Amino acid sequence: MNFYRSHNCGELNVKNIDQDVYISGWVNKKRDHGGLLFVDLRDEYGITQCVVNADNPSFNLIENLKLESVIKVSGKVLKRSDDTTNPNLPTGEIEVLSNEIIILNDSNQIPFQVAINDDSPEELRLKFRYLDLRREKIHHNIIFRSKIIHSIRTKMIDKGFTEIQTPILTASSPEGARDFLVPSRLHNGKFYALPQAPQVFKQLLMISNFDKYFQIAPCFRDEDARADRSPGEFYQLDFEMAFVEQDDVFKTIEPVLYEIFTEYSKKSVTKPPFIKIKYKDSMELYGTDKPDLRNPLIIKDATKCFENSGFKIFENNIEKGFPVKAIKAPKTAGKPRGWYDKLNDWARANGQKGLGYIIYENNEFKGPIANNLNQENLKSIKTLVDLENDDSVFFISDENTNAVKFSALVRNKLCDEIDLLEKNVFKFCWIVDFPMYEIDQQTNKIDFSHNPFSMPQGGMKSLTNKNPLDILAWQFDIVCNGVELSSGAIRNHQIDIMKKAFEIAGYSEDELKERFGSLYEAFKYGAPPHGGSAPGIDRIIMLLAEEENLREVVAFPMNQQAEDLMMRSPNDASENSLKELGIQLRPKKK
RNA sequence: GGGGGUGUAGUUCAGUUGGUUAGAACGCCUGCCUGUCACGCAGGAGGCCGCGAGUUCGAGUCUCGUCACUCCCGCCA
């Protein structure tokens, strides 16, 4: 009890009848009957109807008060008559008959409705984020976020993890994204970098004999945004364990994710152990390394079916070394011609020449491609994708990388079109056995395909004996409903293997020392084998809150251009600051 | 850096094949109203149709450019 409230706006009920109370909150709604005024007073805990009679000295004041003003209402709790109770409100059986009303802070005309959840322009919502955050849905998302993070923290600590903070102002580390730089005043011309992840620090903590480390870690990357990728900054459940193998990491984090997802959602959740899909298989079956397993469609390689088929377009492609991919669309033979045409248009809009298809109906193959093929080819296709009556099958042919990418799109599109996505379920899987190296598309040179911290499978033996492109890494991702939640690895903790790994990617020992100086040194003093992962907190919450966009689960997000419209960030630096930092601007020509 | 979508009142949206004075709902203002809870009734204000060119007798509508927001690709675990 203090000056402002004896109760909050959500707790009064029939037990409080006849009590003198005082409550404070925002004016959510007013209903003015001339001689009688209803005010819905709102705080975080609920809404209470306050009645203001015409003989109340504050009547005129409140009648003219703008919505979202903050007031304190003192009065008596009355039971509402049966015909005036509101079953939609927890406080709907009572009301507060106002006596004294104090305006604590009045509001200007609000730029968008707070009491109603309509679609306001995102630009306005971000500019007036404090108003937006009052609105029911997003307000609850932020509370939801807090609960989930609390729960994650408890579970990690219960599992024996130690929470440790690592520096924000640090040095550039070689994760691969662009760094945010912070100029140093004490060292003119030098810069701190914000961590892209606490990667190096968590490995150093392993070397420091912290057996199990975790942190709800802020990460900063200067890369372009997506709906599921905040520009600038985001949070990871960063964890690392000493003396572990890949399966130990899996066994540790699987129950945490399973429990979080079952506690905070009504959907059914994959039970541990989550299935493991090899990277290579995932690319082949789903065209992506983050497959949505709610989608039952799979991709088949139909290249052989079109060899010497008489269908010139694909045959020419095959001669160039391009594959043909096939995806069965079950029970779509009855779809009108327009449906197929529309998919064809969609394919063109996505940069393809078209989207071929064959319809299998009444034991006959139909459609433009079918007419070009002989029965033998058609039968091989039927067997390949297991065509049943009334199914159709779609074909993608392009240069391999494009074909794989586009077939993933087609797989999603068809699932969407035929409404095959399994509902009310979170489907987890591990993607494992990522390749250690890949060919850089631009330079045509061998480079690390993930980060260079991972241990190659087979260790030094693989590095010396195998074709680099055949070497797998102890590198894994966890994927849920097509969203990549995290990636992790068993790390490379041995200098000689590291030297060799870098040598293969074309980096000298000097470069290794330059980029990994701290780890390179530390590995000389007894580094335990270790590994870990870092699930994205924002993405987990986005999935659980069933939101399509990260901004809906972040209190103060930036827009897609990485601007904070409310704080007006980024902004110019004052001449004074620049001078002190020894920085002269070099404006880019547009 | 590239591609798609959107841009009309404070907000959500409608606006025909290019054709009078650009509409509706919510919000706002004024008045009325003692039982509403999406209160009701009557009246009213509010528009550089994102911006700039162009085509046309005539542009919210067509063309080009540009800006903003958003989604995607590139980039990024």
Side-chain angles (χ1 to χ4, degrees), chain A residues 28-41 47-56 59 63-64 66-68 78 80-89 91-92 95 97 108-128 131 175-179 196-197 199 219-232 234 236 238 289-290 346 348-351 402 405-406 409 412 431 434 441-442 448-451 453-454 475-479 483-489 533-536 539 548-549 551 559-561 563 565 590:
Chain A
N28 191 58
K29 274 264 170 179
K30 284 189 297 180
R31 290 173 295 281
D32 187 353
H33 290 248
L36 173 74
L37 177 62
F38 296 103
V39 175
D40 288 341
L41 202 63
I47 290 177
T48 300
Q49 172 167 286
C50 303
V51 185
V52 188
N53 278 325
D55 55 6
N56 189 308
F59 186 85
E63 203 177 23
N64 291 315
K66 293 251 189 289
L67 295 179
E68 295 304 313
L78 299 182
R80 297 203 207 178
S81 64
D82 288 347
D83 56 330
T84 61
T85 58
N86 184 351
N88 300 321
L89 279 185
T91 61
E95 62 195 5
L97 180 60
N108 280 352
Q109 177 59 41
I110 46 179
F112 52 82
Q113 294 307 297
V114 170
I116 300 164
N117 277 311
D118 60 358
D119 289 329
S120 322
E122 190 139 31
E123 206 178 343
L124 261 192
R125 292 180 53 202
L126 292 176
K127 193 172 169 193
F128 296 94
L131 292 180
E175 265 102 4
R178 295 185 187 92
D179 284 316
Q196 295 178 23
Q199 181 68 35
C219 304
F220 305 89
R221 287 173 200 165
D222 188 4
E223 294 296 347
D224 289 349
R226 290 287 184 280
D228 65 350
R229 204 165 84 205
S230 300
F234 60 96
Q236 289 183 340
D238 192 46
D289 59 0
K290 42 181 182 178
W346 168 84
R348 289 208 182 91
N350 279 279
N402 289 338
K405 264 185 201 168
F406 186 62
L409 279 183
N412 288 341
I431 306 297
F434 276 82
Q441 297 280 0
Q442 272 144 20
F448 292 107
S449 67
H450 270 66
N451 67 46
F453 304 98
S454 308
Q475 169 85 39
F476 45 84
D477 280 4
I478 190 155
V479 174
V483 175
E484 181 194 309
L485 281 187
S486 80
S487 90
S533 185
R539 283 183 182 173
E548 296 290 320
N549 195 299
R551 288 186 294 270
N559 68 8
Q560 200 180 34
Q561 276 68 247
E563 298 163 315
L565 300 172
K590 288 217 168 172

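Below, chains carry the letters A, B, ... as their sequence lines are ordered, and counting in each starts from 1. Because the structure is predicted, anything quoted here is derived from the model rather than measured.
- In terms of position on RNA chain B, the residue among Q561(A) and N53(A) whose nearest nucleotide sits closer to the 5' end is N53(A).
- For Q560(A), the side-chain atoms get nearest to rU70(B) when compared with the rest of rC37(B), rG74(B), rU70(B).
- Counting to the nearest Å, the P atom of rC76(B) and the CG atom of D179(A) are 12 Å from each other.
- Residue-level contact check: D289(A) touches neither bases nor backbone, having no heavy atom under 4.0 Å from any strand.
- Taking atom C1' on both rU17(B) and rC62(B), the two are 12 Å apart, rounded to the nearest angstrom.
- Look at K66(A) and you'll find a side-chain N or O under 4.0 angstrom from OP1 or OP2 of rC29(B).
- If you take CG of D40(A) and P of rA38(B), they are 9 Å apart, rounded to a whole angstrom.
- At a cut-off of 3.5 Å, with distance as the only test, no side-chain donor of Q199(A) or N451(A) sits close to an acceptor on the other residue.
- Remark: P of rA45(B) and CD of Q109(A) are 18 Å apart, rounded to the nearest angstrom.
- Closest approach to the N549(A) side chain among rC28(B), rU70(B), rC75(B) is made by rU70(B) (side chain taken as heavy atoms from C-beta onward).
- Contact annotation for Q113(A): backbone-only contact, meaning every heavy-atom pair under 4.0 Å involves sugar-phosphate atoms and none involves a base.
- In this entry the distance linking NZ of K127(A) with C1' of rC69(B) reads 14 Å, nearest Å.
- rC69(B) and rU8(B) have their P atoms separated by 15 Å, with the value rounded to a whole Å.
- Note that CD of E563(A) and CG of L126(A) are 10.5 Å apart. Values are rounded to the nearest 0.5 Å.
- Between the C1' atoms of rU6(B) and rC13(B), the separation comes to 13 Å (whole Å).
- Comparing the C1' positions of rC75(B) and rU66(B) gives an interatomic distance of 26 Å, to the nearest angstrom.
- Residue L37(A) is classed as having no contact, given no heavy-atom separation below 4.0 Å to the nucleic acid.
- Between the P atoms of rA22(B) and rG10(B), the separation comes to 16 Å (whole Å).
- When distances run from any side-chain atom of D224(A) to the nucleotides rC76(B), rG74(B), rC72(B), the shortest one goes to rG74(B).
- With both pairing distances under 3.5 Å, rG65(B) is matched to rC51(B) as a Watson-Crick or G-U wobble pair.
- Closest to the side chain of K29(A), from the set rA38(B), rU70(B), rC29(B), is rA38(B).
- What separates CD of E63(A) from C1' of rG31(B) is a distance of 11 Å, to the nearest Å.
- The CD1 atom of I110(A) sits 11.5 Å away from the CG atom of L124(A) when rounded to the nearest 0.5 Å.
- Comparing the same atom, C1', in rU11(B) and in rA38(B) gives a spacing of 16 Å after rounding to whole Å.
- Within the nucleic acid shown, K30(A) has no heavy atom closer than 4.0 Å to any nucleic acid atom.
- T48(A) comes within 4.0 angstrom of nothing in the nucleic acid, heavy atoms only.
- Comparing rG2(B) with rA14(B), their P atoms are spaced 30 Å from each other, to the whole Å.
- With rU70(B), rU36(B), rG27(B) as the choices, the nucleotide that has an atom nearest any side-chain atom of R31(A) turns out to be rU36(B).
- Taking the nucleotide of RNA chain B with the nearest heavy atom to each of Q475(A) and S81(A), the more 5' of the two is matched to S81(A).
- Considering only side-chain N and O atoms, R125(A) lies nowhere under 4.0 angstrom from the phosphate OP1 or OP2 of rU12(B).
- A gap of 16 Å separates the P atoms of rG60(B) and rG7(B), to the nearest Å.
- R229(A) comes within contact range of at least one nucleobase, with a heavy-atom separation under 4.0 Å.
- The partner of rG19(B), taking Watson-Crick or G-U wobble pairs whose two distances both stay under 3.5 Å, is rC57(B).
- No more than 12 heavy atoms of other residues, nucleotides or ligands sit less than 6.0 Å from atom CG of N108(A).
- One N or O on the side chain of K30(A) and one on the backbone of E63(A) form a donor-acceptor pair closer than 3.5 Å.
- Rounded to whole Å, atom C1' of rU70(B) lies 7 Å from atom CZ of R551(A).
- A distance-only check finds a donor-acceptor pair linking the side chain of S533(A) to the backbone of S487(A) [under 3.5 Å].
- A donor and an acceptor atom never sit less than 3.5 Å apart when one is taken from the side chain of E223(A) and the other from the base of rG74(B).
- Between the side chain of Q475(A) and the backbone N or O of A489(A) there is no donor-acceptor pair closer than 3.5 Å.
- Between the side chain of R80(A) and the base of rC37(B) there is at least one donor-acceptor pair of N/O atoms closer than 3.5 Å.
- At a threshold of 4.5 Å between non-hydrogen side-chain atoms, the residues R31(A) and D40(A) count as touching.
- In this structure, N64(A) places its CG atom 6 Å from P of rU30(B), rounding to the nearest Å.
- Residue-level contact check: Q49(A) touches the bases, meaning some heavy atom is under 4.0 Å from a base atom.
- The residue N559(A) sits close only to the backbone: its heavy atoms come under 4.0 Å of sugar-phosphate atoms, none of a base.
- Within the nucleic acid shown, R539(A) has no heavy atom closer than 4.0 Å to any nucleic acid atom.
- Atom CD of E123(A) is separated from atom P of rG50(B) by 15 Å (rounded to the nearest Å).
- Checked against rC75(B), rC71(B), rU34(B), the side chain of H33(A) finds its nearest nucleotide in rU34(B).
- Dashed line: the shortest gap from a side-chain N or O of K405(A) to OP1 or OP2 of rG74(B) is under 4.0 Å.
- A donor-acceptor contact shorter than 3.5 Å links the side chain of R539(A) to the backbone of D228(A).
- Using N1 to N3 plus N6-O4 or O6-N4 for Watson-Crick, or N1-O2 and O6-N3 for G-U wobble, each under 3.5 Å, rC76(B) pairs with nothing.
- Residue E548(A) is classed as having no contact, given no heavy-atom separation below 4.0 Å to the nucleic acid.
- Among the atoms of the strands shown, none is found under 4.0 Å from any heavy atom of F112(A).
- Each of rC71(B), rG35(B), rA68(B) was ranked by its minimum atom distance to the side chain of T84(A); first place goes to rG35(B).
- Note on R226(A): a base of the nucleic acid sits closer than 4.0 angstrom, heavy atoms only.
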